[in-house]
Amino acid sequence: MGGDPDILTDFIAPEGTNINGSFFTFTGMRVLLTQETPPPTFHVLKASRAEFPALDGQSVSYAVLEFPTGSVNPPHVHPRASELLFVVQGSLQVGFVDTNNKLFTQSLQTGDLFIFPKGLVHFQFNSDSKNYAFAISAFGSASAGLVSLPNTLFNTTIDDNVLALSFKTDVATIQTLKKAFPP
């Protein structure tokens with residue numbers, strides 16, 4: 001099982017780091033308070049171990065998700081963490097598929113929370129044609145990981161024949177799909 005290890009100290013700091021209150025403060029979300037208009041496409045702003053080193057060993061991270069009308073966070077997996085999504089503004093259609101291939105979906109409104117179990121394929125979609133949606137996700141890992149299924153399948157060097165056989169289609173269809181995911 002992949003996940004964050006238990007640490008034997010209060011916190012972990014990179015060698016040579018000046019430890020004071022600033023080390024434990026992440027200011028990268030301040031841009032959200034000064035942006036005048038929502039982004040034109042789906043956008044994620046993360047605070048994981050990569051962006052905020054103080055999270056190392058703390059088994060927690062955050063992401064802010066901004067959904068213009070009609071935008072989607074495509075099917076993806078976080079291999080090392082569950083995701084707890086909180087809808088702050090707007091509405092979202094969400095869902096995940098369990099290991100028995102059962103789809104669980106829900107329409108979320110402002111103030112709702114939804115859990116995506118660790119390692120399961122899931123998505124979020126703003127189906128509202130008029131209103132922007134804004135959500136915050138908390139993860140049970142400082143490095144949840146992200147495997148975007150469309151990108152992983154169609155923007156890699158997986159052989160077109162393997163994909164065509166797997167999706168029960170032809171190579172021409174696979175090549176058409178790949179064109180939408182430039183390197």
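Hydrogens, waters and symmetry mates play no part in the numbers below; they use all other heavy atoms, side chains included.
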* Asked: Under the 3.5 angstrom rule, does the side chain of S91 hit a backbone N or O of Q109 as a donor-acceptor pair?
  -> no

* Mark yes or no for whether S143, through its side chain, and G145, through its backbone, hold a donor-acceptor pair below 3.5 Å. => no

* To do: Evaluate whether atom CG of L8 has more than 12 neighbouring non-hydrogen atoms of other residues, nucleotides or ligands under 6.0 angstrom away.
  => no

* State yes or no: are the ring centers of F114 and F104 separated by less than 6.0 Å? => no

* Structure fact -> What one should report as the nearest heavy-atom pair of G70 and F125 is O-CE1, 3.7 Å

* **Residue of the set H122, H76, H78 for which ring-ring contact (aromatic ring centres under 6.0 Å, His included) holds with F116** => H122

* **Single-linkage hydrophobic cluster F134~L113, side-chain heavy atoms < 4.5 angstrom** => yes

* Asked: Under 3.5 Å, is there a donor-acceptor pair between the side chain of D159 and the main chain of N161?
  -> yes

* With hydrophobic residues grouped by side-chain heavy-atom distances under 4.5 Å, do Y62 and I115 end up in a single group? -> yes

* Asked: Using the ring of each side chain (for Trp, its six-membered ring), is F24 parallel, tilted or perpendicular to F11, with breaks at 30° and 60°?
  -> perpendicular

* For the residue pair A135 and L85, what are the closest heavy atoms and their distance? -> CB-CD1, 3.7 Å

* To do: Say whether E83 and S137, considering side chains only, have a donor N or O and an acceptor N or O under 3.5 Å apart.
  => yes

* More than 12 foreign heavy atoms under 6.0 Å from CG of N101: is that the case here? -> no

* Which one of D160, N155, T173, T156 satisfies the side-chain hydrogen bond (donor to acceptor under 3.5 Å, both in side chains) criterion with K178? -> D160

* To do: Would you tell me whether T110 and Q89 have side-chain atoms, one donor and one acceptor, within less than 3.5 Å of each other?
  => no

* Asked: So, N126 side chain and N131 main chain: donor-acceptor pair closer than 3.5 Å or not?
  -> yes

* So, for S127 and Q93, which heavy atoms are closest and what is the spacing to 0.1 Å? -> OG-CG, 3.5 Å

* **N/O donor-acceptor pair under 3.5 Å between E51 side chain and S48 backbone** => yes

* To do: Take V97 and K102, measure what side chain to side chain contact (heavy atoms under 4.5 Å, CB included) needs, and give me the verdict at the end.
  => CA-CA 5 Å; V97 179; K102 181 173 180 183; over 6 Å; no

